Amino acid sequence: MKLGINLGYWGLGMDTDNLAVAKEADKLGYAVCWAAEAYGSDTVSVLSFVAAQTERIDVGSAIMQIPARQPTMTAMTASTLDTLSGGRFRLGLGVSGPQVSEGWYGVKFDKPLARTREYVDIVRKAMSRERVSYEGAHWTLPLPDGPGKSLKLTVHPKREHIPLYIAAIGPKNLEQTGEIADGALLIFPAAEHLEETAIAHLRAGREKAGKTMEGFDVCPTVPIAVGEDKDVATLADSFRPYTALYVGGMGSAKQNFYNQLAQRMGYEKEAAEIQGKYLSGDKDGAAAAIPHQLIDSTTLLGSVDRIADRMRAYAEAGVTTLTLSPAGFTLDERLASLRAGTEALERAGLA
């Protein structure tokens with residue numbers, strides 16, 4: 001199992017720290033550095049900046065939002081980043097959520113699975129330097145009865161095949177991801193529930209495509225906070241606002257993928273309570289309602305030995321790249337978490 005680092009969103013007061021984290025991860029041998037986007041900083045600019053100041057680590061978008069870009073623009077961007085980085089780019093895609101898609105981009109959040117499939121088809125066709133001609137329910141290229149021509153990418157990516165990942169949570173999305181992608185970007189992964197909440201669906205998609213899980217990158221992101229084992233409860237409490245935001249407030253009362261994931265892990269009653277409190281404005285109450293076990297099982301907390309044990313559990317569950325999101329109010333704390341991650345991987349016998 002390899003390690004990755006997730007810088008999250010740029011521009012939240014930690015820009016200098018994020019670059020230092022990326023450089024340290026590069027020195028420590030981390031496999032990939034991911035950056036996110038929502039409705040603030042874009043991931044393309046951040047990854048270009050990071051790639052220019054690192055040497056070995058891959059840079060990946062987690063995610064480039066599908067409603068934000070035409071698929072051919074994404075293919076152009078991915079090919080350019082792969083060339084500029086010397087073949088170190090990984091393309092992570094996702095549909096975002098209805099609030100961002102419709103509120104920020106003005107793109108209807110309908111039929112996300114069909115839209116993703118068509119989008120990936122066009123991106124792959126363009127990146128392979130085929131002439132792009134496509135007739136789908138959501139995209140038609142070239143436009144009919146007009147001056148448009150079937151074109152092909154004029155630049156050559158560094159690699160013949162740029163790895164393509166999809167951020168997936170729901171069962172149908174996971175199955176399609178296994179079918180059409182090279183890897184899956186997961187969030188809130190509990191090792192003991194990973195088979196039924198993710199791996200089984202990914203495997204079904206791989207089988208549909210006539211493939212096995214061999215070579216497919218299962219890549220969840222987990223927060224990490226290092227400390228004494230006796231302080232695990234306190235460390236877990238620091239992630240209550242983060243978990244409450246996703247389980248309670250990321251989406252509407254009818255459509256919250258993270259809330260549904262918590263339910264599939266056995267927290268039906270608790271998920272409903274967290275969401276109810278959060279959407280009513282009681283964010284502190286929502287955070288307090290989160291079971292300790294939900295946080296502990298989806299993060300890496302405590303001593304290096306305890307984290308090593310958790311890493312073994314993730315590897316045994318089928319994780320191939322474990323992406324860490326280091327906690328800490330200071331740069332030194334975040335760098336210490338990075339170093340603890342590599343030490344834990346070695347103690348787990350997974351390096």
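Since the structure is predicted, the reported quantities are computational estimates derived from the model, not experimental observations.
- At least one donor-acceptor pair under 3.5 Å links the side chain of E37 to the backbone N or O of T43.
- Side-chain contact check for L47 versus S61: some heavy-atom pair is nearer than 4.5 Å.
- Under the 4.5 Å side-chain heavy-atom criterion for Ile, Leu, Val, Met, Phe, Trp and Tyr, Y9 and I66 are members of the same hydrophobic cluster.
- The aromatic rings of F188 and Y242 sit tilted, their planes meeting at an angle between 30° and 60°.
- Between the side chains of T74 and Y119, at least one donor N or O lies within less than 3.5 Å of an accepting N or O.
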Q: Applying salt bridge (Lys or Arg N to Asp or Glu O under 4.0 Å), run through R347 and E343 and close with a yes or a no.
A: CA-CA 6 Å; R347 291 192 191 183; E343 184 180 352; 2.3 Å; yes
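- L3 is not listed as a side-chain neighbour of I5, based on a closest heavy-atom distance of 4.5 Å or more.
- In this structure a side-chain-to-backbone donor-acceptor pair under 3.5 Å is missing from T321 to K2.
- Taken to the nearest 0.5 Å, the CG atom of L164 stands 12.0 Å off from the CG atom of D217.
- A donor-acceptor contact shorter than 3.5 Å is absent between the side chain of Y134 and the backbone of D121.
- Under the 3.5 Å distance criterion, the side-chain polar atoms of E118 are matched with a main-chain donor or acceptor of H138.
- Checked by atom type and distance alone, the side chain of D82 pairs as donor or acceptor with a backbone atom of R159 at under 3.5 Å.
- Closest approach of I57 to A25, counting heavy atoms only: CD1-CB, 3.9 Å.
- Between the side chains of T234 and D231, not a single donor N or O lies within less than 3.5 Å of an accepting N or O.
- For M213, the CE atom counts as densely surrounded, since its 6.0 Å shell holds more than 12 non-hydrogen atoms of other residues, nucleotides or ligands.
- At a cut-off of 3.5 Å, with distance as the only test, a side-chain donor of S128 or E130 sits close to an acceptor on the other residue.
- By the 6.0 Å contact criterion, CD on Q53 is enclosed, its count of non-hydrogen atoms from other residues, nucleotides or ligands being greater than 12.
- You'll find the side chain of L7 reaches within 4.5 Å of the side chain of V50, heavy atoms only.
- Note on R334 versus E24: no salt bridge recorded, every NZ/NE/NH1/NH2 to OD/OE distance being 4.0 Å or above.
- Taking all atoms of both residues into account, the shortest heavy-atom contact from R129 to K152 is O-CD, 3.5 Å.
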Q: Take Q275 and V247, measure what side chain to side chain contact (heavy atoms under 4.5 Å, CB included) needs, and give me the verdict at the end.
A: CA-CA 7 Å; Q275 185 179 61; V247 177; over 6 Å; no
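- No donor-acceptor contact under 3.5 angstrom links the side chains of Q260 and N256, judged on distance only.
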Q. Could you go step by step and tell me if R115 and V95 meet the side chain to side chain contact (heavy atoms under 4.5 Å, CB included) rule?
A. CA-CA 9 Å; R115 289 177 62 84; V95 292; 5.6 Å; no
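- In the hydrophobic cluster analysis, where Ile, Leu, Val, Met, Phe, Trp and Tyr join through side-chain heavy atoms closer than 4.5 angstrom, I166 is grouped together with W139.
- Note that CG of L93 is 10.0 Å distant from OG1 of T177, once rounded to the nearest 0.5 Å.
- Side chain of S79 to main chain of P157: no donor-acceptor pair is present (N/O by atom type, distance under 3.5 Å, no hydrogens or angles).
- For the salt bridge (charged side-chain N to carboxylate O under 4.0 Å, His left out) with R203, the qualifying choice from E179, E195, E175 is E195, the only one to do so.
- Scanning all heavy atoms of the two residues, the minimum distance from S96 to F257 falls at O-CE1, 4.4 Å.
- S41 contributes a side-chain N or O that, together with a main-chain N or O of W10, makes up a donor-acceptor pair within less than 3.5 Å.
- At a threshold of 4.5 Å between side-chain heavy atoms, the hydrophobic network of Ile, Leu, Val, Met, Phe, Trp and Tyr places I187 and M265 in one connected group.
- Taking both residues in full, the closest heavy atoms of P189 and T221 are given as CD-O, 3.6 Å, listed atom of the first, atom of the second, then distance.
- With hydrogens and angles disregarded, a donor-acceptor distance shorter than 3.5 Å links the side chain of Q176 to the backbone of L113.
- With respect to Y314, the side-chain contact (heavy atoms from CB on, under 4.5 Å) criterion is satisfied by exactly one of R310, E316, R312, M311: R310.
- Between R88 and S85, the closest heavy-atom pair is NE-O, 2.8 Å.
- Side-chain polar atoms of N6 and S325 form no donor-acceptor pair below 3.5 angstrom.
- In terms of hydrophobic clustering, with Ile, Leu, Val, Met, Phe, Trp and Tyr side chains grouped at heavy-atom distances under 4.5 Å, W34 and L81 are assigned to different clusters.
- Looking at T83 and V155, their side chains never come closer than 4.5 Å, going by heavy atoms from C-beta outward.
- When the shell of 6.0 Å around CD of E192 is examined, it contains more than 12 heavy atoms from other residues, nucleotides or ligands.
- Residues P220 and V319 meet the side-chain proximity criterion, which asks for heavy atoms closer than 4.5 Å.
- Taking each heavy atom of M76 and L153 in turn, the nearest pair found is CG-CD1, 3.8 Å.
- Judged by distance alone, the side chain of S150 and the main-chain N or O of V132 form a donor-acceptor pair under 3.5 Å.
- W104 and Y39 have tilted rings, their planes meeting at an angle from 30° to 60° on a 0 to 90° scale.
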Q: Could you walk me through whether L338 and Y30 pass the side chain to side chain contact (heavy atoms under 4.5 Å, CB included) test, one step at a time?
A: CA-CA 9 Å; L338 273 185; Y30 277 65; 3.5 Å; yes
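- Taking CZ from R264 and CG from N259, the interatomic distance works out to 10.0 Å, rounded to the nearest 0.5 Å.
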Q | CA sep, side-chain torsions, deciding dist, call: T72, L141, side chain to side chain contact (heavy atoms under 4.5 Å, CB included) | A | CA-CA 10 Å; T72 44; L141 295 169; 4.1 Å; yes
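- Between the CG atom in D296 and the CZ atom in F239 there is a gap of 11.0 Å [rounded to 0.5 Å].
- A distance of 7.0 Å separates NZ of K211 from CG of D182, quoted to the nearest 0.5 Å.
- At least one side-chain heavy atom of V44 sits under 4.5 Å from a side-chain heavy atom of R69.
- At a threshold of 4.5 Å between side-chain heavy atoms, the hydrophobic network of Ile, Leu, Val, Met, Phe, Trp and Tyr places L174 and I63 in two separate groups.
- Between K158 and F89 there is no side-chain heavy-atom pair separated by less than 4.5 Å.
- Atom CG of L301 sits about 5.5 Å away from atom CG of L235, to the nearest 0.5 Å.
- Looking only at distances, no side-chain donor or acceptor of T243 sits under 3.5 Å from a matching main-chain atom of R240.
- Within the 4.5 Å cutoff, the side chain of V21 has heavy atoms near those of the L335 side chain.
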